[in-house]
Amino acid sequence: DDEITVEFDDPSLPAPSFMLGPGRATMLELDLDAAIDAVKVSETEQKERRTKRKKERETEERDERSNRSKKEKNLHHLLHKQQAKASSRFDESVDAAFVLGIDPRRGDHSVRGAATLPAGTGKEARVAFFAEDGSAEADAARAAGAVVVGGDSLISLIAEKGSAAIEFDRALATAGMMPKLAKVARVLGPRGLMPNPKLGTVVVGAASPSAVAEAVVAASAGRVSFRADKGGVVHAPLGRVSFEPAALRLNLGALADALLSSRPKALKGGGWSGYVKRVALSTTHGKGGVRVSLQSVAAAAAQAKAAAKK
């Protein structure tokens with residue numbers, strides 16, 4: 001009837017499991033052989049086992065750091081790798097994910113913007129242009145390739161039929177049409193189709209025919225918008241697997257440069273420091289994403305910015 005207490009000081013032994021009872025925890029008993037073996041382990045053997053386990057943990061941590069650094073490939077090799085990982089029969093999309101060091105709960109940490117991808121996205125978007133019926137801007141938009149062009153009549157149609165009247169992927173507007181578009185903001189807004197000056201989807205100023213045509217061509221070819229989600233991550237398409245690596249690099253550089261321009265003023269630091277924590281690329285059906293070194297992304301952004309000034 002004597003109570004015997006056995007203490008286990010060896011981390012290599014399995015941890016005892018517990019069963020929760022009413023108001024207390026009851027330890028499940030080890031079998032006799034295991035208990036005897038545990039008691040007979042000498043202090044020297046315990047130290048040897050602890051030292052061995054410590055070395056094993058250090059080796060595992062060192063290998064993990066090595067593998068993690070290998071994953072952060074430079075951009076050139078990474079693009080080749082992601083293209084090779086594509087397995088679908090169709091031309092998969094190549095997407096980028098930027099993990100930001102922002103607090104999404106703070107209003108002054110919001111990140112939102114747009115970028116024009118020099119090599120396009122690989123998909124031609126259907127563009128709608130809101131302008132006064134019969135105006136020079138409407139004619140210019142139609143000539144540039146806008147599939148839907150209209151003013152009050154188009155707004156009334158959307159207000160009446162709702163989403164059933166939306167037959168376009170992106171929407172542009174002249175500055176004069178913005179007050180009238182408030183009528184259908186609840187229809188266009190949730191679909192990301194509401195024109196916004198911050199996203200470059202409102203042709204401001206004189207709205208010359210050439211400016212309208214340029215905006216329509218950019219929107220239909222390679223204009224992408226981005227916004228940080230609730231987790232502080234920005235997702236955006238870069239192109240297709242069939243693109244040349246140089247084209248994907250150019251697109252990523254343009255996107256990274258636009259993202260850097262959208263850095264919140266309330267965020268401490270400057271440039272990339274404290275802003276972009278990680279960058280990864282993935283394909284539609286690829287087996288996971290691969291991280292890109294921030295140095296490669298920064299270099300691509302600088303090259304894209306320099307190319308845009310020429």
Side-chain angles (χ1 to χ4, degrees), residues 64 66-102 104 111-127 169-170 191-193 199 218-260 262 272 275-305 307-308:
E64 184 179 353
S66 175
N67 292 334
R68 186 162 54 244
S69 64
K70 290 179 180 178
K71 287 183 179 180
E72 291 191 348
K73 304 289 183 182
N74 66 62
L75 192 54
H76 179 74
H77 291 91
L78 180 58
L79 292 172
H80 277 291
K81 183 174 181 179
Q82 283 301 96
Q83 288 177 313
K85 289 171 69 175
S87 58
S88 300
R89 295 182 180 180
F90 65 93
D91 196 5
E92 296 183 44
S93 172
V94 178
D95 304 308
F98 295 79
V99 180
L100 307 181
I102 62 173
V111 174
R112 186 178 184 182
T116 299
L117 305 185
T121 60
K123 179 182 178 182
E124 188 171 350
R126 300 171 300 170
V127 178
D169 305 308
R170 292 173 190 162
R191 294 165 178 78
L193 296 175
L199 300 180
S220 61
R223 188 76 174 176
V224 297
S225 59
F226 56 83
R227 185 175 186 176
D229 60 19
K230 294 181 179 180
V233 181
V234 168
H235 299 272
L238 290 182
R240 299 287 173 173
V241 172
S242 60
F243 281 22
E244 291 294 329
L248 291 174
R249 177 188 177 86
L250 191 61
N251 282 351
L252 178 60
L255 177 62
D257 183 53
L259 185 64
L260 185 60
S262 301
W272 296 94
Y275 182 37
V276 178
K277 298 170 65 176
R278 295 188 301 277
V279 181
L281 299 183
S282 62
T283 56
T284 306
H285 290 166
K287 297 179 180 179
V290 181
R291 285 175 60 177
V292 194
S293 65
L294 294 181
Q295 293 82 359
S296 294
V297 177
Q303 292 175 3
K305 187 175 183 178

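The structure displayed is predicted, hence computed values, not measured ones.
- The shortest non-hydrogen separation linking Leu238 to Leu252 is CD2-CA, 3.7 Å.
- Here the shortest heavy-atom pairing between Ala247 and Ala119 reads CB-CB, 3.7 Å.
- In terms of heavy atoms, Ala115 sits closest to Phe226 at N-CE2, 4.3 Å.
- Proximity of a side-chain donor or acceptor of Asp257 to a complementary backbone N or O of Ala302 within less than 3.5 Å is not detected.
- Checked by atom type and distance alone, the side chain of Arg170 pairs as donor or acceptor with a backbone atom of Arg223 at under 3.5 Å.
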List the steps, then state whether side-chain contact (heavy atoms from CB on, under 4.5 Å) holds for Val297 with Phe98. CA-CA 11 Å; Val297 177; Phe98 295 79; 4.3 Å; yes
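- To the nearest 0.5 angstrom, Thr116 atom OG1 is 11.0 Å from Leu255 atom CG.
- Note: Tyr275 OH to Leu294 CG = 12.5 Å, rounded to the nearest 0.5 Å.
- With sequence neighbours left out, Arg126 forms a salt bridge (charged side-chain N to carboxylate O under 4.0 Å, His left out) with Asp169.
- Here the closest heavy-atom approach between residue Leu117 and residue Pro237 is recorded as CD1-O, 3.5 Å.
- Residues Phe243 and Gly120 come closest through the heavy atom pair CE2-O, 3.4 Å.
- Interatomic distance, Leu100 CG to Leu259 CG, rounded to the nearest 0.5 Å: 5.5 Å.
- Residue Ala97 comes nearest to Val233 through the heavy atom pair CB-CG1, 4.4 Å, listed as atom of the first residue, atom of the second, then distance.
- Shown here are the side chain to side chain donor-acceptor pair (under 3.5 Å) partners of Asp95, two or more places apart in sequence or in another chain: Ser93.
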